[in-house]
Amino acid sequence: MRLKDLTDNARIILQDEYPDRRERDALVSAMVRDFLHLPGYAIVTEPFADIPESAASAFLDCAGRLSAGEPYQYITGWCEFGGRVFSVAPGVLIPRPETEYLCRIAVGKIRQMQQGDRISYGGGKLRILDLCTGSGCIAWTMALDIPQADVVGLDVSAGALDIASGQFSTDRPQSRMSVSAPRFAQCDILRGPSATGGLKDWKDGASLADFFAEPLDAIISNPPYILEKERVLMRRNVLEHEPDLALFVPDCNPLLFYKAISDWALELLRPGGLLLVEQNEALPAETAALFSGFSRCETVNDLSDKPRFTFAVR
Ligand SMILES: C[S@@+](CC[C@H](N)C(=O)[O-])C[C@H]1O[C@@H](n2cnc3c(N)ncnc32)[C@H](O)[C@@H]1O
């Protein structure tokens, strides 16, 4: 089949689920890249290229799954985050661009702190905790971007921990970098920081007591924060495929994770240690109010100028 006929067919299949033409075109272009192994612009430069039957059938199968509401990243099994490729699968949240931005801010602030500490404490290995780690995108970004960081990610979901602890285990270029891989453990963070005593590495069952033996330098979290009543605003590819556990909080207690995170940070962060959280843009003041026990607290806007993050210093 010719490339042009194939992509025209895909656009028709996707029309109802993706009525926005730009979004539909972006998906078709990504499918050309990932399923036909051609650059997205080949649609324009090589419309009459002959596509082998097996590739054409995988391409149209993907279009069919997308039209049934399946997220593209679950179909391919991966997504890009901060310039790296992360594995994803149903059962784990697909990392979002806002969280990439959170990581950029976190890396900048932690590096700044590292420089300051070199002057005051002589430096050393930074301990960074990622609460509600999901795919491990935050934990891995910290481990890969902050030299000498000791990173732990916690999540209650076994499916998420399987994915997080398996990132970069195949022979991808990133996996050959000489960094310490983060460790991951199962933990219900709503039970509070006293839970750290018995935490075990998800992969080999070794105790994580060494990590929690000293005060931590930074805690980062993107916890569930979408209100149940906000479901009506969401698309079905999210509602029907991504885990409720990763997304929703009760309308009557929307900040329960932030209360817990504040407890973790007050108990485990060293004085001067950093806390960074992603939050519901409708509740910035309420979220910041929970961190009143910190020496500094500020709301940080995302690139669309929405108040999506809170940054606090212990
Ligand atoms: C919004 S997702 C964030 C995932 C990942 N950090 C990211 O930014 O893509 C929230 C995560 O919190 C986890 N979670 C939900 N309830 C939890 C709990 N009580 N304790 C620990 N983790 C929890 C979910 O399994 C999910 O992976």
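Whatever order the structure lists ligands and atoms in, that order sets their numbers, starting from 1. What you see is a predicted model; the values in this text were computed from it and never measured.
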### Task
State whether the shortest distance between N or O atoms of Val156 and N or O atoms of ligand 1 falls below 3.5 angstrom.
yes
### Query
Do you know which two heavy atoms are closest between Cys79 and Gln73, and how far apart they sit?
CB-CG, 3.6 Å
### Query
For Arg235, which of Glu23, Glu242, Glu17 qualifies under salt bridge (charged side-chain N to carboxylate O under 4.0 Å, His left out)?
Glu23
### Aromatic ring proximity, centroids under 6.0 angstrom, Tyr225 and Phe248
no
### Neighbour count above 12 (heavy atom, 6.0 Å) for Lys259 NZ
yes
### Task
Using only heavy-atom distances, determine whether the side chains of Thr99 and Glu278 contain a donor-acceptor pair under 3.5 Å.
yes
### Message
Between Arg84 and Asp145 (salt bridge meaning N to carboxylate O under 4.0 Å), is one present in this structure?
### Response
yes
### Message
Which of the numbered atoms in ligand 1 are under 4.0 angstrom from any heavy atom belonging to Asn222?
### Response
1 (C), 2 (S), 3 (C), 7 (C), 8 (O), 10 (C)
### Query
Which atoms of ligand 1 sit under 4.0 Å from any heavy atom of Cys187?
20 (N), 21 (C)
### Query
With a cut-off of under 6.0 Å to the ring centre and 45° to the axis, is Arg183 in cation-pi contact with Phe211?
no
### Message
A cation-pi test, strictly: NZ or CZ of Lys109 under 6.0 Å from the centre of the six-membered ring of Phe311 and no more than 45 degrees from its axis. Yes or no?
### Response
yes
### Query
Heavy-atom contacts under 4.0 Å between Phe257 and ligand 1: side chain, backbone, both, or neither?
side chain
### Summary
Per-atom filter on ligand 1: closer than 4.0 angstrom to a heavy atom of Ser157 are 25 (O)
### Message
Taking distance alone, with N or O pairs closer than 3.5 Å, would you say Pro224 contacts ligand 1?
### Response
no
### Task
List every atom of ligand 1 that sits less than 4.0 Å from any heavy atom of Pro223, numbering the atoms from 1 in the order shown and giving each element.
1 (C)
### Protein heavy atom at shortest distance from atom 15 (C) of ligand 1
Leu245 O, 3.3 Å
### Task
Identify, for atom 12 (O) of ligand 1, the protein heavy atom at the shortest distance, and state residue, atom and that distance.
Cys132 CB, 3.2 Å
### Query
Tell me, which protein residue and heavy-atom name are nearest atom 20 (N) of ligand 1, and how many Å apart are they?
Ile189 N, 2.9 Å
### Query
For ligand 1, does Pro243 get within less than 4.0 Å through its side chain, its backbone, both, or neither, judged by non-hydrogen atoms?
neither
### For Leu190, the ligand 1 atoms whose distance to one of its heavy atoms is below 4.0 Å
19 (N)
## Note on the structure
Quick look: Thr99 vs ligand 1, heavy-atom contacts under 4.0 Å, and the answer is side chain
#### Entry: Where ligand 1 meets Asp188 - atom numbers and elements under 4.0 angstrom, heavy-atom basis
18 (C), 19 (N), 20 (N)
### Message
Just to be sure I'm reading this right: ignoring hydrogens, which of Asp244, Leu93, Leu161, Thr133 gets closest to atom 5 (C) of ligand 1? Compare them by their nearest heavy atoms.
### Response
Thr133
### Task
Would you please test Arg2 and Asp50 for salt bridge (charged side-chain N to carboxylate O under 4.0 Å, His left out) and show each step?
CA-CA 5 Å; Arg2 297 182 316 175; Asp50 192 32; over 6 Å; no
### Task
Look at the side-chain heavy atoms of Ile, Leu, Val, Met, Phe, Trp and Tyr, link any pair under 4.5 Å apart, and say whether Leu102 and Leu247 land in one connected group.
no
### Task
Sequence neighbours left out, what passes salt bridge (charged side-chain N to carboxylate O under 4.0 Å, His left out) with Arg11? Give chain and number order.
Asp8, Asp25
### Message
Regarding ligand 1, does Asp155 bring an N or O atom to under 3.5 Å of one of the ligand's N or O atoms?
### Response
yes
### Query
What is the nearest protein non-hydrogen atom to atom 2 (S) of ligand 1, stated with its residue, atom name and distance?
Ala246 O, 3.4 Å
### For ligand 1, the portion of Asp130 having any non-hydrogen atom under 4.0 Å away
neither
### Query
Does Cys137 approach ligand 1 within less than 4.0 angstrom via side chain, backbone, both or neither, non-hydrogen atoms only?
side chain
### Query
Quick one: does Trp140's side chain have a donor or acceptor within less than 3.5 Å of a partner on Ala181's backbone?
no
